[in-house]
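Notes follow the structure.
Basis for what follows: all heavy atoms, side chains included, without hydrogens, waters or symmetry-related copies. We name chains A, B, ... by the order of the sequence lines, and we start the count at 1 in each one.
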Number of protein chains: 2
Amino acid sequence: MVTIVDVAKHAGVAPSTVSYVLTGKRPVSADTRVRVRESIQLLGYRPHAGLSARARTNVLALVLPLREGVHLPVAMRFVTSVVTSARGHDMDVLLVTADQGAAGLRALAESGRVDGFLVMDVELDDERVPVLRQLGLPSVLLGHPAAVKGLTCIDLDFEAAGARCVDHLADLGHRNIGFLGAPSVVYERNTGFAQRTLAGFSAAAMRRGVTSTAVPGEHGHDWVLAVVASLLRELPRMSALVVQNEAVLGQVVDCLRAEGRRVPDDVAVVAICPDELAERLRLTSVQLPVEVLGRWAVDLLMAKLKGHQPPALTLLPPKLASRTGSKSPEPRLRVTNGVG
Amino acid sequence: MVTIVDVAKHAGVAPSTVSYVLTGKRPVSADTRVRVRESIQLLGYRPHAGLSARARTNVLALVLPLREGVHLPVAMRFVTSVVTSARGHDMDVLLVTADQGAAGLRALAESGRVDGFLVMDVELDDERVPVLRQLGLPSVLLGHPAAVKGLTCIDLDFEAAGARCVDHLADLGHRNIGFLGAPSVVYERNTGFAQRTLAGFSAAAMRRGVTSTAVPGEHGHDWVLAVVASLLRELPRMSALVVQNEAVLGQVVDCLRAEGRRVPDDVAVVAICPDELAERLRLTSVQLPVEVLGRWAVDLLMAKLKGHQPPALTLLPPKLASRTGSKSPEPRLRVTNGVG
DNA sequence: GCAACGAATCGAAGCGCTTCGATCGTGATT
DNA sequence: AATCACGATCGAAGCGCTTCGATTCGTTGC
């Protein structure tokens, strides 16, 4: 390993002089500066990251707490999208999955190992937000807390998404609509997307004069059975169900059928999930545009790195894809090409 | 800022003892350990990683060149597996997707940003291998080059996998077997898994006296059509086809059907791919145990970080899952729970 | 011609942490 | 009882880098 001392020796100066050439914290004569630069080049010296490191690392941190209730396949779609986008900007991605919370963020920022942060799974009152605000590094949130001032956030408009489901179903004549959401831990954590969807759903139900019930959706087959049963008990005339829970979506449909309800004839199911999943199960859905969100988030971060100041909040309007009428033939494998 | 010295003073021990409690590199009596832990807790001490050159960064680099022919969904399954395993060892993952080759590896190692390397998409004569050998940092290859001495590699035994497909089909009486492989760029790069599978396939075909033809499988619907047509032309009596190409697998089956061949009645298709995909298409397959490989790779790397010297090459025996006989009902969503 | 000045550079003392040889108690072995 | 062995702990020497007071040395002002 080439150290600053090696460079100093080679250039015939003191290590501190090399340091000053690197940091520019004290004036160095043009002559010496050139000589030191040459030695650095020649020896292939790279300052040890974390100590000097005011230089760009070309690494962005994707902070993704892998905690209970996070649906891994969907999370990984985000990762894929972020990684491929980052690649287009010549950036690598540090996947920070250990949840050390705000302290972890600060430590990472101070260690100088990354150029910026992409933060996922944001809670309404997230403890990491104040830290992000005062941090020297730029950051973008995938999802948004209650107060977004001074931040840069991008998210699907989940409130509108929840409302959109109700409106769609109410337009079709449904008067009793259930809502099966994320696992309860997600609500207990006050995770933004879950709370907002529910709020949008509830408000729209009230506005449209629709009777509704909402329940969280725990994982595990027995739980799903119980949850579906309780929905049917609480809302006997339930003719439509909105599901925001990728992990149990398929099981929910199965359970409804096991209870003797035809889907979608007896119970119309609308999912809020990535398109592919809804496509496979042939369910009407509000699309969760994972790829767009991931790419956009990276673009926003790169813009901030270049010194721009993008808007505090970018909300994508929800899009509903109706899949009731046309019973397509056997679902087909969606083919994704490798990256060229 | 709370330093290790503060903790040591508070606990009434030497700083080195605190360090040993933290790293576990030397035994510390249970009594002392508890006391030190309490002081750490009480003072809110957070070790400042990255200051000392020898400090662990708790980051492992997952080197995954995102180049043509790499199938992203499968690659991301590896990433998922690696990330969740790494999480269990309190490690984060730096996803290095930029293909700067050997130079990039060296730069990364010298920058001191990672503790070790996990290298994917390994070629038979990979330029990165000599660098990995002389690097100070431990590394594990997912896949293996021609010469593995001094390395640590883990891989599915693709040669056996190729042979296994032939044996299975030959046992069923097939005498004309096609092989549809990865895109041709993958072979041109001399990527290990592709070359080995083909070698195993060919050798087994010869051994069993089976007529065979092998073609690479480019992406894009028109290409697939052309490739399938050419296979049927070259091997008119082809009654079985081995496919090692996740990206076009579904299309291949579609094209065969479009050509009037029933699958599996006229043409038995055996895939080499992750189980889930084969399950969805209801195809017999040799399983590509992505999750196991990823987890095992991380375990190997952690073992090396602890100073152990695992075997140079670990090969997983291929497992064939037969899915012909039982036509299961409508494919069901495979549910994966979030991480708890 | 000599002191004062300031830019350029040096040397050494840290930074917080790891690591290694040394030391200090034990209990077990002769 | 003296010795040994060994686990637990300490002290000090680094690690690569920054930082700051000190030291040059060529200018300038008088």
Side-chain angles (χ1 to χ4, degrees), chain A residues 1-40 43-55 57 103-104 106-113 136, chain B residues 1-40 43-59 90 106-116 136-138 305-307:
Chain A
M1 185 183 213
V2 186
T3 76
I4 204 171
V5 177
D6 300 325
V7 176
K9 272 186 192 143
H10 187 269
V13 298
S16 46
T17 306
V18 178
S19 178
Y20 291 131
V21 170
L22 252 19
T23 62
K25 295 206 170 174
R26 276 196 190 178
V28 174
S29 70
D31 178 43
T32 311
R33 193 163 46 232
V34 169
R35 208 146 31 87
V36 168
R37 287 249 162 78
E38 278 173 1
S39 297
I40 288 177
L43 302 181
Y45 167 69
R46 20 187 81 249
H48 190 281
L51 272 178
S52 78
R54 278 289 166 267
T57 63
R106 186 173 277 128
L108 189 56
E110 282 170 4
S111 77
R113 291 204 288 246
Chain B
M1 185 184 210
V2 184
T3 76
I4 203 171
V5 177
D6 300 326
V7 176
K9 272 186 192 142
H10 188 270
V13 298
S16 46
T17 305
V18 177
S19 180
Y20 290 129
V21 169
L22 251 20
T23 62
K25 295 207 171 173
R26 277 198 190 177
V28 174
S29 70
D31 177 46
T32 311
R33 193 163 47 231
V34 168
R35 208 144 32 86
V36 168
R37 287 248 164 80
E38 278 173 2
S39 298
I40 288 177
L43 301 179
Y45 167 67
R46 276 199 49 83
H48 188 300
L51 243 194
S52 165
R54 299 189 184 219
R56 283 268 295 268
T57 63
N58 272 26
V59 173
D90 202 30
R106 187 173 275 126
L108 189 56
E110 282 172 4
S111 78
R113 289 204 289 246
V114 300
D115 292 335
L137 296 179
L305 275 172
K306 289 201 187 89

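By the side-chain contact (heavy atoms from CB on, under 4.5 Å) test, B:Ile4 pairs with B:Pro15, B:Val18, B:Ser19, B:Tyr45, sequence neighbours left out. Among residues two or more places apart in sequence or in another chain, the side-chain contact (heavy atoms from CB on, under 4.5 Å) test is passed with B:Ser16 by B:Ala14, B:Tyr20. Residues that satisfy the side-chain contact (heavy atoms from CB on, under 4.5 Å) test with B:Thr3, not counting sequence neighbours, are B:Val5, B:Asp6.
Minimum interatomic distance between B:Ser39 and B:His10 (heavy atoms only, all atoms of both residues): OG-ND1, 2.8 Å.
Each end of the helix from C:dG1-D:dC30 to C:dT30-D:dA1 gets its own rotation axis from five pairs of C1' atoms, and the angle between them is 50° to the nearest 10 degrees.
Less than 4.0 Å separates DNA chain C from no heavy atom of any residue of residues 27-39 of chain B. Of the residues in residues 16-23 of chain B, those with a non-hydrogen atom less than 4.0 angstrom from any atom of DNA chain C are B:Ser16, B:Ser19, B:Tyr20, B:Thr23.
Distance check: A:Arg37 CZ to A:Thr32 OG1 gives 11.5 Å after rounding to the nearest 0.5 Å. Atom CZ of A:Arg26 is separated from atom OG1 of A:Thr23 by 9.5 Å, given to the nearest 0.5 angstrom.
Within 4.0 Å (heavy atoms only), B:Val5 reaches no atom of the nucleic acid at all.
Donor-acceptor pairing under 3.5 Å, judged by distance alone, is absent between the side chain of B:Arg26 and the base of C:dT19.
Between A:Lys25 and D:dT18 there is no side-chain polar atom (N or O) within less than 4.0 angstrom of OP1 or OP2.
If you measure from atom CD1 of B:Ile4 to atom P of C:dT19, you get 11 Å, rounded to the nearest angstrom.
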